[in-house]
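All remarks here apply to the structure that follows.
This one's a predicted model, so the numbers in the text were calculated from it and none came from an experiment.
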Amino acid sequence: GYTGVYERAIGSFEVKRRAGTKTSYSLGTFKTALEAAVVYADSLKRIGDAEFVLEREAEKEAKQAAKQAPKVVSHHNGRQLHLGDSATGYTGVYETPSGSFEVKRAAGAKMYSLGTFKTALEA
């Protein structure tokens with residue numbers, strides 16, 4: 001076999017690269033062992049262990065940030081949207097535990113639900 005290449009139960013091949021003694025990072029999954037071995041070899045040529053770790057951590061953080069940060073737009077279908085500091089990016093729009101988005105509005109001391117929607121943009 002090839003260094004850093006592991007056959008998966010489903011017949012594909014995963015490339016893993018160890019950085020230091022404790023952590024291994026996946027470089028992807030490929031159809032053939034040869035494709036996977038080439039990716040592993042290229043990763044060795046490109047960068048040393050310290051740079052490799054920093055690059056993988058930066059990629060991981062960027063992916064997490066992209067998942068968490070909703071795409072917020074200020075206008076949609078001719079309407080100006082009210083941007084806010086909530087996690088959704090919109091005033092009065094909140095994500096529910098089920099993953100839908102609820103619009104709430106205060107009137108006096110009471111909060112009223114104006115509906116639940118699939119996306120924050122719809123809400």
Side-chain angles (χ1 to χ4, degrees):
Y2 298 105
T3 301
V5 176
Y6 303 90
E7 187 170 6
R8 299 179 68 193
I10 58 174
S12 59
F13 296 86
E14 184 175 12
V15 180
K16 289 187 177 183
R17 166 117 185 251
R18 187 166 293 287
T21 57
K22 294 183 180 182
T23 308
S24 68
Y25 295 90
S26 176
L27 300 180
T29 304
F30 302 88
K31 290 182 181 179
T32 68
L34 182 58
E35 288 176 299
V38 168
V39 169
Y40 182 84
D42 286 346
S43 78
L44 293 176
K45 285 191 293 189
R46 277 193 356 249
I47 48 181
D49 280 349
E51 291 172 287
F52 179 80
V53 170
L54 292 174
E55 186 177 281
R56 293 288 87 72
E57 291 300 322
E59 287 175 5
K60 191 169 151 185
E61 288 174 12
K63 283 180 184 177
Q64 286 176 335
K67 281 183 186 176
Q68 293 173 350
K71 183 179 179 191
V72 177
V73 296
S74 60
H75 290 80
H76 182 69
N77 289 340
R79 293 182 180 99
Q80 180 178 349
L81 305 177
H82 297 271
L83 305 182
D85 292 331
S86 72
T88 65
Y90 298 107
T91 301
V93 177
Y94 304 92
E95 187 170 6
T96 67
S98 67
S100 61
F101 295 85
E102 184 176 14
V103 180
K104 293 182 179 181
R105 177 112 194 254
K110 272 188 138 181
M111 285 294 280
Y112 293 93
S113 175
L114 302 178
T116 304
F117 303 86
K118 289 182 181 179
T119 68
L121 184 58
E122 287 178 54

Show every donor-acceptor pair shorter than 3.5 Å between a side-chain atom in residues 101-115 and any protein atom, with sequence neighbours excluded, or say none if there are none.
residue, atom, partner, partner atom, Å
Glu102, OE2, Ser113, OG, 2.7
Ser113, OG, Gly115, N, 3.4

Any chain of hydrophobic side-chain contacts (each under 4.5 Å) joining Val93 to Phe117?
-> yes

Side-chain heavy atoms under 4.5 angstrom apart, residues restricted to Ile, Leu, Val, Met, Phe, Trp, Tyr: same cluster for Val15 and Tyr2?
-> no

Can you give the donor-acceptor pairs under 3.5 Å from side chains of residues 32-40 to other protein atoms, not counting sequence neighbours?
residue, atom, partner, partner atom, Å
Thr32, OG1, Glu35, N, 3.1
Thr32, OG1, Glu35, OE1, 3.2
Glu35, OE1, Lys31, N, 3.3
Glu35, OE1, Thr32, N, 3.1

